[in-house]
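Single-structure report; data block below.
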Protein chains: 2
Amino acid sequence: MTESAPAGSQRALRRDAARNRERLLAAARQLFADHGFDVTLDEVAHRAGVGVGTAYRRFANKGELLDALFSEQTAEMAAAADTALTDPDPWHGLVTYLEMSLALQLRDKGLAQIVSGDRVGVEQHDWNRQVMAPKNRAIVARARDAGVLRDDVTGTDLTFVQVGLNAILARSRGAHPDLYRRYLHLLLDGLRAEPGTPTPLPVAALTSDETHAVMGPPITPGTARG
Amino acid sequence: MTESAPAGSQRALRRDAARNRERLLAAARQLFADHGFDVTLDEVAHRAGVGVGTAYRRFANKGELLDALFSEQTAEMAAAADTALTDPDPWHGLVTYLEMSLALQLRDKGLAQIVSGDRVGVEQHDWNRQVMAPKNRAIVARARDAGVLRDDVTGTDLTFVQVGLNAILARSRGAHPDLYRRYLHLLLDGLRAEPGTPTPLPVAALTSDETHAVMGPPITPGTARG
DNA sequence: ACCTGAACACCGTTCAAGT
DNA sequence: ACCTGAACACCGTTCAAGT
């Protein structure tokens with residue numbers, strides 16, 4: 001919490017500082033995408049070629065650094081939403097929006113953690129609220145008005161649907177990267193206004209053994225982290 | 001990893017050791033239920049009135065201690081499953097099983113983390129596999145055979161359904177404890193063999209503001225934990 | 001202004017010394 | 001055998017000293 005900068009306008013950074021900031025973001029971008037939020041700030045700083053202290057001079061804490069990456073990634077999320085909104089078929093738009101959104105989160109573990117609300121900073125979350133929430137509402141409204149989506153569904157439902165699917169994605173992303181699509185489509189069948197006969201699911205269920213492997217103990221004795 | 005005890009049979013504990021073990025379990029039971037896995041082992045040991053080292057003499061690590069509580073809690077889960085299996089209406093059985101299971105997880109944060117595979121030890125997880133997995137399969141088979149559940153659904157699907165709903169539960173348990181039921185019933189409508197017209201949902205959607213509050217930054221600057 | 005790295009707090013885990 | 005608490009490793013965060 002620095003109170004020096006009058007909210008909104010901040011003095012330009014010195015050239016070396018600006019460069020370090022970029023380096024930190026670049027390092028964090030790659031490390032977060034691969035390993036999610038559990039990379040060390042020391043690792044990020046080291047890869048960026050600066051000291052840890054520098055990271056803390058630019059970002060209030062680890063969450064804020066991830067937060068700064070959020071804007072780039074939300075741009076992709078917003079693009080997916082816009083694609084949905086221009087789709088001539090509102091139902092198809094809704095489906096592809098969720099598909100694209102989850103696919104992005106499959107590619108970027110850090111983004112997945114952000115979207116599911118695991119770890120976020122303050123600023124970009126507001127942006128999420130002000131930009132993504134209205135888009136969600138619009139996507140839902142369009143499908144509902146077309147009579148293809150049940151009429152008791154709202155924009156906020158899309159958020160929680162993603163939270164749920166994201167948890168499945170997080171568990172299965174290693175061994176069965178597309179398993180989440182099975183549950184997405186199961187849920188979509190529950191979202192239809194006039195269901196008719198169930199749609200064939202795009203992905204097979206796991207066997208019992210596969211499930212056990214996926215759900216198996218992630219912490220091997222003696223390797224537990226803080 | 002101690003290799004002293006021949007797997008299966010272990011010598012009885014000395015009386016003080018056995019008592020300490022019970023005290024540790026009692027302390028952990030309460031602390032985990034209230035605060036989930038992020039309680040300190042120091043706290044558990046302190047509440048139990050023993051040193052930390054004693055905890056490590058009884059349990060390989062923090063996960064194993066939680067694991068030891070698992071059997072008690074799985075007993076309740078198993079009971080819920082058995083209730084489902086004796087329900088004259090297979091669909092109603094399936095629904096109440098999921099309702100009861102999630103309700104238990106709402107009451108016990110530690111149990112929720114176990115079921116969603118967040119943090120588990122080894123031993124009880126096997127038990128889960130050998131006891132709960134067959135029950136899941138039976139519940140699903142019964143509903144499928146009765147023609148009320150779509151025929152491409154398997155027992156392992158119940159596991160992942162719980163993972164997803166659990167994530168929603170974890171996010172909303174504070175402010176909106178029963179929100180998960182909304183998504184459970186949305187999903188149930190997707191699981192029906194012959195959907196017909198959608199069932200009214202038992203819980204209202206959150207408003208945009210409520211959603212934002214729920215998804216809001218859980219880490220206040222400067223309070224981040226390890 | 002900004003940079004650095006040593007220092008601090010916290011928490012999981014280990015181990016030497018005691019009974 | 002078992003108990004204890006100091007010690008160690010790790011990681012997020014801070015801050016004194018340097019440019």
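Below, read A as the first sequence line, B as the second, and so on, with proteins coming before strands; counting in each chain starts at 1. Remember, it's a predicted structure, so these values are computed and weren't measured experimentally.
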Discussion item. What is the separation between atom CZ on B/Arg15 and atom P on D/dA1, rounded to the nearest whole Å?
Written reply: 17 Å
Fill in: Basic-acidic side-chain contact under 4.0 Å: A/Asp157, B/Arg182
yes
Discussion item. Donor-acceptor pair, distance only, cut-off 3.5 Å: does the side chain of A/Glu43 make one with the backbone of A/Thr40?
Written reply: yes
Worksheet entry | Most 5' of A/Ala18 and B/Lys62 on DNA chain C, judged by nearest nucleotide | A/Ala18
Worksheet item: Quick one: which of D/dC2, D/dC3, D/dT13 gets closest to the side chain of B/Thr54?
Response: D/dC3
Discussion item. Using a heavy-atom cut-off of 4.0 Å across all strands, would you classify B/Val44 as base, sugar-phosphate, or nothing?
Written reply: nothing
Worksheet item: How many Å lie between CG on A/Asn20 and P on C/dC3, as a whole number?
Response: 5 Å
Practice prompt. Round to the nearest Å and state the distance from B/Leu65 atom CG to C/dT13 atom C1'.
Written response: 14 Å
Fill in: All side-chain contact (heavy atoms from CB on, under 4.5 Å) counterparts of B/Asp34, not counting sequence neighbours
B/Gln30
Discussion item. It should be established whether B/Arg58 places a side-chain nitrogen or oxygen under 4.0 Å from OP1 or OP2 of nucleotide D/dC2.
Written reply: yes
Worksheet item: Should B/Tyr56 be listed as having a side-chain N or O under 4.0 Å from OP1 or OP2 of C/dT13?
Response: yes
Worksheet item: Quick one: A/Arg19 CZ to C/dC3 C1', roughly how many Å, whole number?
Response: 11 Å
Discussion item. Can a donor-acceptor pair be found, under 3.5 Å and without considering hydrogens, that links the side chain of A/Thr74 to the backbone of A/Met77?
Written reply: no
Worksheet item: Closer than 4.0 Å, any side-chain N/O of A/Arg57 to the OP1 or OP2 of C/dC2?
Response: yes
Practice prompt. Please state how far atom CG in B/Leu41 lies from atom C1' in D/dC10, giving the value in whole angstrom units.
Written response: 16 Å
Worksheet item: Expressed in angstrom and rounded to an integer, what is the separation of A/Phe37 atom CZ from D/dG12 atom C1'?
Response: 10 Å
Worksheet item: Of B/Ala17 and A/Asp42, whose nearest nucleotide on DNA chain D comes first from the 5' end?
Response: B/Ala17
Practice prompt. Counting Watson-Crick and G-U wobble pairs only, both distances under 3.5 Å, name the nucleotide matched with D/dG18, or none.
Written response: C/dC2
Item to complete: Would you indicate which nucleotide in D/dC3, C/dA1, D/dT13 comes nearest to any side-chain atom of B/Asp16?
Response: D/dC3
Discussion item. Rounded to whole Å, how long is the line connecting atom CG of B/Asn61 with atom C1' of C/dG12?
Written reply: 9 Å
Response to the item:
The Watson-Crick or G-U wobble partner of D/dC11, with both key distances under 3.5 Å, is none
Discussion item. So does A/Ala55 get a backbone contact from the side chain of A/Arg21, meaning a donor-acceptor N/O pair under 3.5 Å?
Written reply: no
Response to the item:
From CD of B/Glu64 across to P of C/dT14 the rounded distance in Å is 12 Å
